[in-house]
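To keep things clear, I will list the structure first and then write my remarks on it.
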2 protein chains.
Amino acid sequence: MPYDPSAFPAFAVSVDLVVLTVRRHSLCALAVRRGESPFKGRWALPGGFVRPDEDLAVAAARELAEETGLLAHDPTLPVPPNAAHLEQLATYGDPKRDPRMRVVSVAHLALAPDLPAPRAGGDAHSVRWAPVESLLDREGAFGRDGDLAAPLAFDHARILADGVERARSKIEYSSLATAFCPQEFTVGELRRVYEAVWGVALDPRNFHRKVTGTPGFLVPTGGTTTRQGGRPAQLFRAGGATLLNPPMLRPEV
Amino acid sequence: MPYDPSAFPAFAVSVDLVVLTVRRHSLCALAVRRGESPFKGRWALPGGFVRPDEDLAVAAARELAEETGLLAHDPTLPVPPNAAHLEQLATYGDPKRDPRMRVVSVAHLALAPDLPAPRAGGDAHSVRWAPVESLLDREGAFGRDGDLAAPLAFDHARILADGVERARSKIEYSSLATAFCPQEFTVGELRRVYEAVWGVALDPRNFHRKVTGTPGFLVPTGGTTTRQGGRPAQLFRAGGATLLNPPMLRPEV
DNA sequence: CCTGATTATCGTCAGGCAGACGACTATGAT
DNA sequence: ATCATAGTCGTCTGCCTGACGATAATCAGG
């Protein structure tokens with residue numbers, strides 16, 4: 001029996017990306033400047049429409065690659081050089097979230113190491129990393145279109161806030177913070193990731209004891225580096241463990 | 001400038017519900033029997049299409065009320081008598097997940113106290129509570145259509161498994177387990193909720209110490225009850241705290 | 001009434017882990 | 001050589017958890 005799709009309301013489905021990285025000791029998100037109405041000239045999260053025969057995760061990985069050149073990382077495979085963590089975040093479907101039409105957006109969260117260059121994607125629009133506070137602390141008081149301090153387009157401030165909160169809580173009980181680091185990194189670099197994401201200062205000695213004492217979190221590569229200045233530090237790679245038990249504790253307040 | 005929606009692929013968007021409760025010391029989920037093709041006669045999760053001007057959370061709350069009579073619980077308001085916890089779970093959009101057409105389903109998770117009657121919804125189809133293991137442990141070896149032991153329709157086994165895992169982990173660090181209890185409950189009843197959801201036995205003495213010692217988790221109502229047999233137990237209501245810090249620890253293995 | 005079964009509640013103790021912080025090490029800069 | 005910087009190892013104390021003993025208050029049945 002043939003089926004009549006017109007019996008059900010039609011929606012457009014898009015994926016939006018919260019791509020986070022740590023740059024210069026602060027948590028940054030990828031933002032693109034919109035070249036078209038609505039919200040023309042305003043900053044927004046990267047994203048796009050899902051294709052007719054494309055799974056949601058595939059669409060998100062495609063958008064991520066288009067914007068950053070990063071590959072989505074399948075956790076079952078060894079980590080390729082240019083890999084980012086990618087996971088589904090949440091879905092936003094307020095009927096009025098897009099003034100053009102009914103769009104349901106499946107937001108995804110990507111965590112990437114600091115990239116050599118914030119390369120613009122295939123499209124010619126501008127792309128940049130911006131500290132998440134600067135993207136979120138926008139009252140709209142100066143919100144003329146095109147103003148760099150205008151709020152993010154659509155409901156993207158909400159999506160970004162949800163993504164940041166997911167990242168903040170997830171590095172507590174998983175080894176996901178290593179997704180912000182290059183393949184080889186030091187304990188100090190990992191600590192600065194936690195400090196940037198949580199916005200707190202951590203005790204280097206207790207942090208060192210905790211991460212080196214958690215089985216499977218870090219594996220030493222044998223090398224050392226002195227790129228941070230001071231005494232040379234051991235280099236590590238991410239170990240096989242994905243869940244930290246007991247978790248890293250985020251300091252109060 | 002008018003906008004042409006036909007420029008983008010059209011999707012149907014539905015909400016599916018993982019409704020969990022604890023009955024007779026085991027974790028159960030709500031299942032409905034499908035009256036139509038595809039998967040006619042098979043068990044499935046309750047759900048339905050999102051209406052053209054309906055937010056996703058509203059659609060989920062509407063489906064929940066239709067199937068169970070439960071109201072979704074806005075956490076900012078005092079808990080009404082027939083309230084359930086409702087939250088978004090994840091979104092499933094495999095192009096082949098529904099043989100009829102491209103359907104993206106936004107799954108939601110609802111936690112409800114044990115209901116007086118598993119009342120059938122407005123539709124005349126049959127509805128029942130089933131232990132989650134019995135819904136998930138179906139190899140499909142006996143999977144003729146209509147067979148009670150056939151796997152769940154569509155990708156609903158996956159959705160149910162994800163919902164159960166979300167509930168299992170979320171009661172660790174939040175006070176959500178109280179959503180499985182009536183408005184007034186004893187420490188022992190709350191402990192049996194944890195035991196049913198996790199499938200483990202907990203030490204009654206350590207559990208009592210933990211939950212009564214966590215500020216804001218439980219507030220005594222002053223009453224006592226003996227409905228479980230044995231010594232009368234104090235009655236509590238859920239306190240204002242939503243996050244448990246430190247969390248309840250799920251026993252190893 | 002007495003006994004046992006059942007459930008609730010309080011207490012004790014040892015081990016593990018986290019926070020605070022002292023001490024020492026190995027590099028580069030001046 | 002000295003200093004600044006960062007990394008690494010230890011120590012101590014307090015809190016929390018798991019294991020488990022002991023007591024309290026009810027009900028069922030003899």
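Convention: sequence-line order gives letters A, B, ...; per-chain numbering from 1. Values below: all heavy atoms of this structure, side chains included; hydrogens, waters and symmetry mates excluded.
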Quiz item: Is NZ or CZ of A/R24 both nearer than 6.0 Å to the six-membered ring centre of A/W129 and within 45° of the ring axis?
Solution: no
Quiz item: So how far off straight is the helix from C/dC1-D/dG30 to C/dT30-D/dA1, going by the axes through five pairs at either end, to 10°?
Solution: 0°
Quiz prompt | B/M248 and B/F207, any side-chain heavy atoms less than 4.5 Å apart | solution =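 SC-SC contact between B/F207 and B/M248 confirmed.
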Practice problem: State, yes or no, whether a side-chain contact exists between A/H156 and A/L160 at a heavy-atom distance under 4.5 Å. | Solution: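 SC-SC contact between A/H156 and A/L160 ruled out.
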Exercise. For A/R192, answer base if it contacts any base atom (sugar-phosphate contacts may also be present), sugar-phosphate if it contacts only those atoms, and nothing otherwise; contact means non-hydrogen atoms under 4.0 Å.
Key: sugar-phosphate
Practice problem: Describe the nucleic acid contact of B/R191 in one word from base, sugar-phosphate, nothing, applying a heavy-atom distance below 4.0 Å. | Solution: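 It contacts sugar-phosphate atoms only.
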Quiz item: Nucleotide by nucleotide, 5' to 3', does protein get under 4.0 Å of the base (B), only the sugar-phosphate (S), or neither (-) in nucleotides 15-23 of chain C, counting heavy atoms?
Solution: ---BBBBB-
Exercise. With sequence neighbours excluded, tell me which residues meet side chain to side chain donor-acceptor pair (under 3.5 Å) with A/R168.
Key: none
Quiz item: Starting at CG of A/L202 and ending at P of D/dA6, how long is that distance when rounded to a whole Å?
Solution: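 Value for this atom pair: 15 Å.
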Are the side chain of [X] and the backbone of [Y] linked by a donor-acceptor contact shorter than 3.5 Å?
{"X": "B/T21", "Y": "B/P113", "answer": "yes"}
{"X": "A/D155", "Y": "A/R158", "answer": "no"}
{"X": "A/E63", "Y": "A/D16", "answer": "no"}

Quiz item: Contacts to DNA chain C from residues 231-243 of chain A, heavy-atom cutoff under 4.0 Å, which residues?
Solution: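 Nucleic-acid contacts, sorted: A/R231, A/P232.
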Practice problem: With sequence neighbours excluded, give me every side chain to side chain donor-acceptor pair (under 3.5 Å) pair touching residues 230-252 of chain A. | Solution: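 For residues 230-252 of chain A: A/E172-A/R250.
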Self-check item: Evaluation steps, side-chain contact (heavy atoms from CB on, under 4.5 Å), between A/Y194 and A/V200
Solution: CA-CA 8 Å; A/Y194 275 92; A/V200 297; over 6 Å; no
Practice problem: Answer yes when B/D162 and B/R166 have at least one side-chain N-carboxylate O distance shorter than 4.0 Å, and no when they do not. | Solution: no
Tabulate protein N/O versus nucleotide N/O from nucleotides 27-30 of chain D, keeping only pairs under 3.5 Å, one per line.
none

Quiz item: OP1, OP2 of C/dA8 versus side-chain N and O of B/H208: anything below 4.0 Å?
Solution: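 B/H208 to C/dA8 OP1/OP2: no side-chain N or O under 4.0 Å.
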